[in-house]
Novice: 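Here it is, the structure in full.
Every number for a ligand or one of its atoms is a count from 1 in the order of the listing.
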Amino acid sequence: MAEVIVVDTPEAAGLLVGAHIAREVRAHPRFTLGVATGSTPLPVYQALRAEAAAGTDFTATSAFALDEYVGLPPGHPESYRAVVDREVTVPLGLDPARVHVPDGGIDGIETAGERYETAIAAHGGVDLQLLGIGRTGHLGFNEPGSSFGSRTRVKTLTERTRVDNARFFDSWEDVPIHCVTQGLGTILDARHLVLLAFGESKAEALAAAVEGPLSASMPGSAIQLHPRVTVVVDPGAASLLRFRDYYRWAQDHKPAWQGI
Ligand code: PGA
């Protein structure tokens, strides 16, 4: 079962996860971080910027993004390549050659998934994958119906996701219809999954992912198949968790040596 940690605020979650990642990077400079986009991971990136300013050296660290929109012009500010560069690569001082994002360009889109899988495998996989969860229950852009065995491929976004992401564009009709996303099987290959969720709007999807039945209709439930998952949430996102008293009890009695 996933370890569930309820903290008071997204900032506290960012500090907890950021401190863990920075410790790992100091111990293993060639650490590979799986980065997510959207609003959820921003507090982690903010904490990592503070760790970089305090002396943690990220120059040997690699990053692999979860997904990318298909068909945005190169350099579009809301392409996930641009978001990752803005939020992670530049502020943390990562070597751009070590930062990988699926290729969402129309030219060669048929092989984009396969090429990304090859790059992850050639690199030796991802050490820690940051994840948000969509209100549809998606991880990456694996919308309901995604196979637990799926690999990186082109997917069609749901209308719900396009509306949720419209805040980054002029209108929801400008949100691309297709994306290239790591599959659930790809995500499950990462050595440690850290799922973050904040606010009551995520409570239903989070409870279904953590405590509900395994189902392709709830892609987030795939985390239950992974041996090492840390779920870090605020009280709003935790509000529908059936066993939240137990999670808090376990947290209060956690042996100090365990870390996250
Ligand atoms: P959000 O999106 O972090 O912007 O809420 C999460 C997701 O869609 O996976």
Novice: Give a yes or no on whether the ring-centroid distance for F141 and Y69 is below 6.0 angstrom.
Specialist: yes
Novice: Aromatic ring centroids of F168 and Y80 under 6.0 Å?
Specialist: no
Novice: Is a donor from one side chain sitting under 3.5 angstrom from an acceptor on the other, for D67 and Y116?
Specialist: no
Novice: Hey, which atoms in ligand 1 end up nearer than 4.0 Å to a heavy atom of G38?
Specialist: 3 (O), 4 (O)
Novice: Of the listed options (R160, H138, K202), which comes nearest to atom 8 (O) of ligand 1 when hydrogens are ignored and any heavy atom counts?
Specialist: H138
Novice: Which of the atoms in ligand 1, numbered in the order shown and given with their element, are less than 4.0 Å from a heavy-atom of R167?
Specialist: 4 (O)
Novice: Between T152 and E117, do the side chains contain an N or O donor and an N or O acceptor separated by less than 3.5 Å?
Specialist: yes
Novice: Applying a 4.0 Å heavy-atom criterion (strictly less than), which segment of I133 is in contact with ligand 1: side chain, backbone, both, or neither?
Specialist: backbone
Novice: Determine whether the side chains of T56 and R26 contain a donor N or O and an acceptor N or O closer than 3.5 Å.
Specialist: yes
Novice: Looking only at N/O atoms, are T40 and ligand 1 under 3.5 Å apart anywhere?
Specialist: yes
